[in-house]
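Worksheet for the structure shown next.
Predicted model only: the values in this text are computed from it and were never measured. Order of the sequence lines fixes the chain letters, A, B, ..., with proteins taken first and strands second; residue numbering starts at 1 for each chain.
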There are 2 protein chains.
Amino acid sequence: MTELLQKNIAAHISLSNPETEAFCNLFQHEIIKKRSFLLREGEVCKFEGFVIKGLFRVYHIDKDGFEQILYFAIENWWITDIDSFTNETPSQLFIEALEDSEVLLISKKDKEFAYSNMPEIEKLFRVMTQKTHVALQRRMIDNLSKTAESRYIEFSEKYPQLIQRLSNIQVAAYLGITNVFLSNIRKKIALKK
Amino acid sequence: MTELLQKNIAAHISLSNPETEAFCNLFQHEIIKKRSFLLREGEVCKFEGFVIKGLFRVYHIDKDGFEQILYFAIENWWITDIDSFTNETPSQLFIEALEDSEVLLISKKDKEFAYSNMPEIEKLFRVMTQKTHVALQRRMIDNLSKTAESRYIEFSEKYPQLIQRLSNIQVAAYLGITNVFLSNIRKKIALKK
DNA sequence: TCAAAACATTAAACTAGTTTAATAAAGCAA
DNA sequence: TTGCTTTATTAAACTAGTTTAATGTTTTGA
């Protein structure tokens, strides 16, 4: 059940097999049906999660009712609202399964336990947080400097397997444009070829 | 010299006085003149810095020569290119002093030393990275969902002391708009009052 | 399996933000 | 102090992206 998680950890830090297993045993397996929620706005996020099957979107709904997607998570990705989880404050985010999915969840208490007893775990999450931060910095720069068309092309090229599993509505909400405009972009690209 | 840094650390984690001092002693004091650079694109970022005086901007120049500002740093803020520093890869960023400034810098070697010998320091940087990540997530959502006008208003309200020290050109590069359009926004706001 | 809901596309009018250029004001180096 | 560079403002033409609405297609759930 935790093979994928074990591999994921090994990709970030070196940790002995027994320690890796001990840490993985702190996770609970959960099955999440398509269109159901791991987290809703206003709830305190009680978990940090690792996707072993399926697809999630992490998004915000603004005061005008528009959805902005912060990120998607497929197999081998982590999901949480790090703000709500860390500070135990009500979340401003929704985490929703876009496909029938399976996750491994660790509670705050068990994560604290790991931090206290396994110094390498502190490093694991520092390294992971740094990596996601760097990725978000790049995305921020792209959003500041690039047109929607090139953001779409680059997203398609970077995550070709992901984009096939997403509706245009989801992709548009990630890129920060309307699905109507995304349709125009797609048509324009198709005509070029 | 390191009083401000000591206070900053205390705001994130609890650390004994001797340990705090030992850690702070790993930092080098540097004076950076206005318009000079702490880091240029292509260089490997050799430091993690803490501003004790002055003002910096951290920015990227895209292929068309436009500048996007990732963030500003004034007194009591940290600056680095975390990507370049951590992975020892050439930076895509510039870090430039916008005023005569002073910083405390720690090298990678000394930071690694701290990580190895002071477990609390690992936690300090995990916590700080988390906080900056949460702030960037919020900014990402704002950029996806809000007009330039409301982003300007909110930036002005959130950092009133900072905006006075910045030219409109810098503010516009942070907001992701042209300085011409920022001028229009400012006029529109002034007329409303 | 059928009706309802969600989705993708297109068109047309609209608006937020850009571009270029001109002008005046402020800051800076010699 | 002067001249040079940077900055802020304004105008006018332009473009990227939105809005609303209509149409056909696909998915879904009972």
Side-chain angles (χ1 to χ4, degrees), chain A residues 33-36 54-55 57 59 61-69 72 94 96-101 142-156 163-193, chain B residues 33-36 54-55 57 59 61-69 72 96-100 142-156 163-193:
Chain A
K33 281 256 171 231
K34 181 169 177 170
R35 275 178 219 204
S36 53
L55 167 60
R57 63 175 180 144
Y59 66 102
I61 300 186
D62 69 26
K63 61 175 188 348
D64 302 318
F66 292 98
E67 299 176 357
Q68 295 89 39
I69 294 182
F72 300 103
F94 295 83
E96 180 191 1
L98 294 177
E99 300 175 358
D100 289 344
S101 303
D142 285 352
N143 267 278
L144 289 174
S145 62
K146 292 179 179 163
T147 62
E149 181 177 345
S150 62
R151 268 145 54 211
Y152 172 69
I153 292 171
E154 283 165 27
F155 181 66
S156 310
I163 209 162
Q164 294 177 48
R165 291 158 74 176
L166 297 171
S167 70
N168 284 357
I169 292 175
Q170 306 302 338
V171 175
Y174 178 84
L175 296 175
I177 58 176
T178 60
N179 58 331
V180 175
F181 190 53
L182 179 54
S183 241
N184 292 339
I185 289 173
R186 286 160 55 86
K187 191 186 180 189
K188 194 177 151 195
I189 292 172
L191 287 178
K192 273 187 197 165
K193 289 182 182 166
Chain B
K33 281 257 170 229
K34 180 169 177 173
R35 275 175 219 206
S36 52
L55 167 60
R57 63 175 180 144
Y59 65 103
I61 299 186
D62 68 26
K63 63 175 186 351
D64 301 319
F66 292 99
E67 298 176 357
Q68 295 89 40
I69 294 181
F72 300 103
E96 180 191 3
L98 293 176
E99 299 175 358
D100 289 344
D142 285 352
N143 267 278
L144 289 174
S145 62
K146 293 179 179 164
T147 62
E149 181 176 346
S150 61
R151 267 145 55 212
Y152 173 69
I153 292 171
E154 284 165 27
F155 181 65
S156 311
I163 209 161
Q164 292 176 51
R165 292 159 72 175
L166 297 171
S167 70
N168 284 357
I169 292 175
Q170 305 304 336
V171 175
Y174 177 85
L175 295 175
I177 58 176
T178 59
N179 58 332
V180 175
F181 189 53
L182 178 55
S183 239
N184 292 339
I185 289 173
R186 284 160 56 86
K187 191 186 178 188
K188 194 177 153 197
I189 293 172
L191 288 176
K192 273 187 195 164
K193 288 183 183 164

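Straight-line distance from the CD1 atom of A:Ile189 to the P atom of C:dT9: 12 Å, rounded to whole Å. With rounding to whole Å, A:Leu166 atom CG is found 16 Å from D:dT27 atom C1'. Rounded to an integer number of Å, the gap from CD1 of A:Ile169 to C1' of C:dA5 is 11 Å. The distance from atom CG of A:Asp64 to atom P of C:dT15 is 16 Å, rounded to the nearest whole Å. Remark: C1' of C:dT18 and CG of A:Leu144 are 15 Å apart, rounded to the nearest angstrom. If you measure from atom CG of B:Asn143 to atom P of C:dG17, you get 11 Å, rounded to the nearest angstrom. Rounded to whole Å, the distance from NZ on A:Lys187 to C1' on C:dA11 is 9 Å. Rounded to whole angstrom, the span from the OH atom of B:Tyr152 across to the P atom of C:dA16 amounts to 18 Å.
Annotation for A:Glu154 and A:Lys146: closest pair OE1-NZ, 3.1 Å, computed over non-hydrogen atoms. In terms of heavy-atom proximity, B:Phe72 sits nearest to B:Gln170 at CZ-O, 3.6 Å. What you find for B:Leu182 and B:Ala172 is that their closest heavy atoms are CD2-N, 3.8 Å. Across all their heavy atoms, B:Asp100 and B:Lys34 have their closest contact at OD1-N, 2.8 Å.
Here C:dT19 is the nucleotide among D:dA8, C:dT19, C:dG17 with the atom lying nearest to any side-chain atom of B:Thr178. Of the candidates D:dA8, C:dT9, C:dT18, C:dT9 carries the atom nearest the A:Asn168 side chain, counting heavy atoms from C-beta on. You'll find that the side chain of A:Asn184 is closest to C:dT10, out of C:dT10, D:dG17, D:dT28. Closest to the side chain of A:Phe181, out of C:dT20, C:dC7, D:dA16, is D:dA16. Closest to the side chain of A:Phe66, out of D:dT19, D:dA8, C:dA6, is D:dT19.
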*Given the rule in the side-chain contact (heavy atoms from CB on, under 4.5 Å) test, do A:Tyr152 and A:Ile177 qualify, once you have shown the distances and angles that lead to the verdict?*
CA-CA 10 Å; A:Tyr152 172 69; A:Ile177 58 176; 5.9 Å; no
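Axis angle between the ends of the helix from C:dT1-D:dA30 to C:dA30-D:dT1, five pairs each and rounded to 10 degrees, works out to 60°.
OP1 and OP2 of D:dT9 both lie 4.0 Å or more from every side-chain N or O belonging to B:Asn179. Regarding contacts with the backbone of C:dA8, every side-chain N or O of A:Arg186 stays at 4.0 angstrom or more from both OP1 and OP2. Between D:dT28 and A:Lys34, a contact under 4.0 Å exists linking OP1 or OP2 to a side-chain N or O.
Taking the side chain as every heavy atom from C-beta outward, B:Glu67 and B:Ile169 never approach each other to under 4.5 Å.
Note on residues 171-185 of chain B: pairs passing side chain to side chain donor-acceptor pair (under 3.5 Å), not counting sequence neighbours, are B:Arg139-B:Tyr174.
The residue among B:Val180 and B:Ser167 whose nearest nucleotide of DNA chain D lies closer to the 5′ end is B:Ser167. Taking for each of B:Arg151 and B:Arg35 the nucleotide of DNA chain C with the nearest heavy atom, the 5'-most of the two is the partner of B:Arg151.
Between the CD atom of B:Glu99 and the CG atom of B:Leu166 there is a distance of 8.0 Å, given to the nearest 0.5 Å.
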